[in-house]
Amino acid sequence: MTFLEKALGFNPKSMKLRTELIAGATTFLTMSYILAVNPAILTSTGMDKGALFTGTALAAAIATLLLAFMAKLPFAQAPSMGLNAFFAYTLCQTMGYSWQHSLAIMLIEGIVFILITFFNVREMILDSIPNNLRYAISAGIGMFIAFIGLKNAEIIVAKDATFVGLGAFTPSCILGIIAILLSGVLMAKNVKGSLFWSIIITTVIGIPLGVTVIPSSWMPFSAPQDIGPIFCKFDFSGLLNLKTVLVVFSLLLVNIFDTIGTLMGLADKTGIVEPNGNIPRVKEAMMSDAIGTTCGAMLGSSTLTTYVESASGIAEGGRSGVTAFFVGILFLVSLFLSPIFMLIPSAATSGALVMVGVLMIDSVKKINLNDITESFPAFITMITMVLCYSIADGICLGILSFVFMKVCTAKWKDLNLTLCILAVLFVLNFIIS
């Protein structure tokens, strides 16, 4: 108990080890859908799916174990559901970077995140972005993720006349619809690990539909998949330009908002927030995120973040780093279960993607809709993320429209130097590209 108290913040007087372990298992079950979803998203870039599974599990384990020992908090970390989409669909498909280039960008972002966390620069960047735009960025990413889920299941397809439209009722489409409805019902009934169970159940349903394909001589357990095809496959050529600088900055913005917002919400649920609003060991939590992102890039994974699903373990009574430690161990155990997760088709993960979107759209209610100079930029941020198929473009256009509206209405006090500099950089980026 002395080791647990010093290393993981476990207090035997007010905490129970059994409760902490149950909390860890609950958190893992709730967020383990990332083991299926992250490879499904990143494999669209040409990366090896088996290697991606190993990279995802290792990155989540390393980051969560770092958080357990550094911050001693009952939170878990894994590849961000917004930034894996940014990696695959914005960097690789829209902006034309190879996945090797994109991994190099992720590594750079991780290193920069370590530096700005160490020197407390993140507060300056965060403070420069208006609250309404922060809420809009979160909601926009949620809508974008949901759109990807609908697209992967062929529920939404390309149309010549209308650009997008409802797809035909193919087996994949039908399985996607089942996944979405099942996810919604399970979450409404407060089933622990509802997204995980919806993926597993839908994968089984996909067998008679011909969507889930079981290889011959399949076994549920195996040695960990080879990570060699994606390990440290960085390509730094051609990255020294303004375009890459703005991409890295966009990644930092999303990561900062996502991590701090989640940490604040989870800390409030644990009751550790101090009267002045400070969160104990928040810098350590941010640092574990930054180091985890850097390690994740080496392992072939997109940016990592603290998961809001950690709230499920907190609800079970998790209050120390023991909870996070057990989550990290379970991610390591999952390395031997890759054959199960590799069976999961993209359509089966659509329910998880759509429901993550549903949860993230919650921030819309915090946006000030009474002031058009606030609501208009927020709307532009959200809608352009989806229609431009780019998180970065949504952030750029949102900030530009905010500055434009405030300048044209002479609301100078709502602007700051950092925001104006960003607007100029974004305009230059659009001109150059």
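Along the sequence shown, the residues carry numbers beginning at 1.
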Looking only at heavy atoms, which two atoms of Met95 and Lys243 are closest? And how far apart? O-NZ, 3.2 Å

Interatomic spacing from OG1 in Thr212 to CG in Leu175 - rounded to 0.5 Å: 6.0 Å

What pair of heavy atoms forms the shortest contact from Phe113 to Met286, and how long is it? CZ-CE, 3.7 Å

Ala57 to Leu335 - nearest heavy-atom pair and separation: CB-CD2, 3.6 Å

Without swapping roles, check the side chain of Ser138 against the backbone of Tyr135 for a donor-acceptor pair under 3.5 Å. no

Under 3.5 Å: donor-acceptor pair, side chain of Thr294, backbone of Ala290: yes

Does the Ser102 side chain pair with the main chain of Ser98, one donor and one acceptor, at a distance under 3.5 Å? yes

As an exercise, state the distance from CD1 of Ile344 to OG1 of Thr203, rounded to the nearest 0.5 Å. 4.5 Å

Shortest non-hydrogen pair, Leu21 vs Phe326, comes out as O-CD2, 3.2 Å

Got a sec, which pairs hit side-chain hydrogen bond (donor to acceptor under 3.5 Å, both in side chains) with one end in residues 152-171, sequence neighbours left out? Glu154-Thr170

Gly300 to Met47 - nearest heavy-atom pair and separation: O-CE, 3.3 Å

Testing the basics here: between Gly296 and Leu304, what is the closest heavy-atom pair and its distance to 0.1 Å? CA-CD1, 4.1 Å

Side-chain (Thr349) to main-chain (Ser346) donor-acceptor, under 3.5 angstrom: yes

Sub-3.5 Å donor-acceptor pair from the side chain of Lys49 to the main-chain atoms of Ala40, do we have one? no

Taking Ser334 for its side chain and Leu337 for its backbone only, find out whether a donor-acceptor pair lies under 3.5 Å. no

So, the side chain of Thr64 versus the backbone of Gly328: is there a donor-acceptor pair under 3.5 Å, distance only? no

Backbone of Leu240 reached by a side-chain donor or acceptor of Thr244 within 3.5 Å: no

Within the side chain of Ser183, is there an N or O that forms a donor-acceptor pair under 3.5 Å with the backbone of Ser198? no

Please report, to 0.1 Å, the donor-acceptor pairs under 3.5 Å made by any side chain of residues 65-86, with sequence neighbours excluded.
| unit_1 | atom_1 | unit_2 | atom_2 | d |
| --- | --- | --- | --- | --- |
| Lys72 | NZ | Phe69 | O | 3.2 |
| Gln77 | NE2 | Thr306 | OG1 | 3.1 |
| Ser80 | OG | Gly82 | N | 3.2 |
| Ser80 | OG | Leu83 | N | 3.2 |
| Asn84 | ND2 | Asn38 | OD1 | 3.0 |
| Asn84 | ND2 | Ser80 | O | 3.4 |

Quick one: does any side-chain atom of Thr27 pair with a main-chain N or O of Gly24 as donor and acceptor, under 3.5 Å? no

Under 3.5 Å, is there a donor-acceptor pair between the Glu374 and Asn132 side chains? yes

Relative to the ring of Tyr89, is the ring of Phe144 parallel (under 30°), tilted (30 to 60°) or perpendicular (over 60°)? perpendicular

Approximate separation, where rounding is to 0.5 Å, of Met143 CE and Met385 CE: 10.0 Å

Glu109-Thr293 side chain donor-acceptor pair, cut-off 3.5 Å: no

